[in-house]
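Quick caveat: nothing in here was measured; it's all calculated off a predicted structure. Chain letters run A, B, ... following the sequence lines, proteins first and then strands; every chain starts at 1.
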2 protein chains.
Amino acid sequence: MSSGARVLVIDDEVQIRRFLRISLEANGYEVHEAAAGLDGISRAAQLRPDLIILDMGLPDIDGLEVLRRLREWTTTPTIILSVRDADDDKVAALDAGADDYLTKPFSLEELMARMRVTQRHALPGSQSHLFKAGDIAVDLSRRLVTRNGEAVKLTPTEYALLRLLIQHAGRVLTHKQILREVWGPEYVEETHYLRVYFAQLRQKLEENPSLPALILTEPGVGYRLAA
Amino acid sequence: MSSGARVLVIDDEVQIRRFLRISLEANGYEVHEAAAGLDGISRAAQLRPDLIILDMGLPDIDGLEVLRRLREWTTTPTIILSVRDADDDKVAALDAGADDYLTKPFSLEELMARMRVTQRHALPGSQSHLFKAGDIAVDLSRRLVTRNGEAVKLTPTEYALLRLLIQHAGRVLTHKQILREVWGPEYVEETHYLRVYFAQLRQKLEENPSLPALILTEPGVGYRLAA
DNA sequence: TCCAATCTTGATATTTTCTTGATGTCTTTG
DNA sequence: CAAAGACATCAAGAAAATATCAAGATTGGA
């Protein structure tokens, strides 16, 4: 659940940032920091975090304003931290798109439990990494490959290969890169595997396997997936 | 947003129920009540509310237990009300599947803002507790499995396995995921259990157990329930 | 205590996937 | 044009993964 999730902490207090960094990193999160609102917004745009922890009292612009600007382009789960306990503040933040609101001082245990709630919400569907090209579609989050709507059966190796191609769609992958990623570093010379498995993939995915339109050969270099 | 949303309030205190009924109805909600845990669970199964407000201190069974039983078959957003403010209680409730936790006394404004947050989350694909595929039907809220209308007897483990598959219908569950969820983290290597129990499930549920149409094998990866 | 249901374990059969080699085709270049 | 290198295709045997059957062990309730 928490494994590797990226968290962006936007807070001007050094102690809070330090405390959160140490505590969350100890629990397997990847923590990034911003000390001001505008910086936080641009960090969020770069990092694409899985979760934002946002303090309401910031030096440059109001936390509420940061939240509004974030919500113009992202629905990344956002938990508000604030010293203010008034109903009005909570209501304003929650209605502006916050997913939760904690009053300082807060307990780390509670914060982490509430972080887990937001991650749970994010699970279904939303992050469905869909790749489409021609008549084939790949849903990486469901490990589902379809061709003209019908499921295509791929072996573990075939699927690993296809996933790698998709993750680098449009770019050429060298023979060695592919062998290292899919089969492991000790297989980088086994180019024969590439022939066999690319042929199998084409057989299952291409309209006309002998005239590939999707899985392209770059002679002398490697292979490439049409973008 | 609040227009016509059905809310189920599970609380033994008459005053609280009265207060919430009047306040929420004034804001356009459709409010239903239950004064005890077991009653609340069956009401939830009948009403299919859009939101559940659940008190932790109930006369018959613990609020946490009510939440756990609800989560066996529904993901209906649930906000916990409690007199207890301890971190442990909050963490336990949130990790058991609660979407939010408010300490009594609470402000109506804050509660309603938090209700709006849950409704915002709930938009995509609310889960039904009735699962149907081919000639089998499963009612998770009544723990009832039927095939061509006739009840099918499943052992506790078989049922837990089937429930997990239904809750993730259409997506592949890896061997480890299944073993961890159904048998516990210390069983993740016991793949032999999977063979035995999947064979038993197929024997009881599939038309032709040797040509599964519902419970599909993904060799080298795991299993999947046809969507 | 005994019974009945369920869980656990092992032996064996079947299916799927991986690996390998043989052979054919295409492209480039001397 | 011929030859060499790179790539594609096919298929069979080996290995791994999965399915099946059934006998002991456990467990909870009558």
Inset, instruction - Answer with base, sugar-phosphate or nothing: what part of the nucleic acid does B:Ser210 contact at a heavy-atom distance below 4.0 Å? - result: sugar-phosphate
[X] [atom1] - [N] [atom2] separation (whole Å):
X	N	atom1	atom2	value
B:Glu158	C:dT6	CD	C1'	9 Å
B:Glu206	D:dA19	CD	P	11 Å
A:Asn208	D:dT9	CG	C1'	14 Å
A:Gln200	D:dC10	CD	P	11 Å
A:Tyr187	C:dT20	OH	C1'	13 Å
B:Leu194	D:dA19	CG	C1'	12 Å
B:Gln203	C:dT6	CD	P	16 Å
A:Leu161	C:dT19	CG	P	13 Å

Legend entry - Stretch residues 212-227 of chain A: residues that reach within less than 4.0 Å of DNA chain D through a heavy atom: A:Thr217, A:Pro219, A:Gly220, A:Tyr223
Inset, instruction - Could you work out which one of D:dA8, D:dC10, C:dC18 sits closest to the side chain of A:Arg195? - result: D:dA8
Legend entry - Candidates D:dT20, C:dG21, D:dC7 - which lies nearest the side chain of A:His175: D:dC7
Are OP1 or OP2 of [N] and a side-chain N or O of [X] less than 4.0 angstrom apart?
X	N	answer
A:Trp183	C:dT19	yes
B:Tyr193	C:dT9	yes
A:Thr155	C:dC18	yes
A:His192	D:dA8	no
B:Tyr197	D:dA19	no
A:Arg202	D:dA8	yes

May I ask you to decide whether [X] forms a salt bridge with [Y], counting only side-chain N to carboxylate O separations under 4.0 Å?
X	Y	value
B:Arg114	A:Asp100	yes
B:Glu72	B:Arg68	no
B:Arg71	B:Asp95	no

Inset, instruction - Would you mind telling me which residue lines up with the more 5' stretch of DNA chain C, A:Val196 or A:Leu154, judged by nearest nucleotide? - result: A:Leu154
Legend entry - Nearest-0.5 Å distance that lies between atom OH in A:Tyr101 and atom CG in A:Leu54: 10.5 Å
Legend entry - Between CD on residue B:Glu65 and CG on residue B:Asp60, distance to nearest 0.5 Å: 10.5 Å
Inset, instruction - Test salt bridge (Lys or Arg N to Asp or Glu O under 4.0 Å) on B:Asp135 and B:Arg147 and set out the steps. - result: CA-CA 6 Å; B:Asp135 55 357; B:Arg147 185 175 165 194; 3.7 Å; yes
Inset, instruction - Look only at the side chain of A:Asp50 and the backbone of A:Arg6, and say whether a donor-acceptor pair between them is shorter than 3.5 Å. - result: yes
Legend entry - Polar contact flag, side-chain donor to acceptor under 3.5 angstrom, B:Asp87-A:Ser107: yes
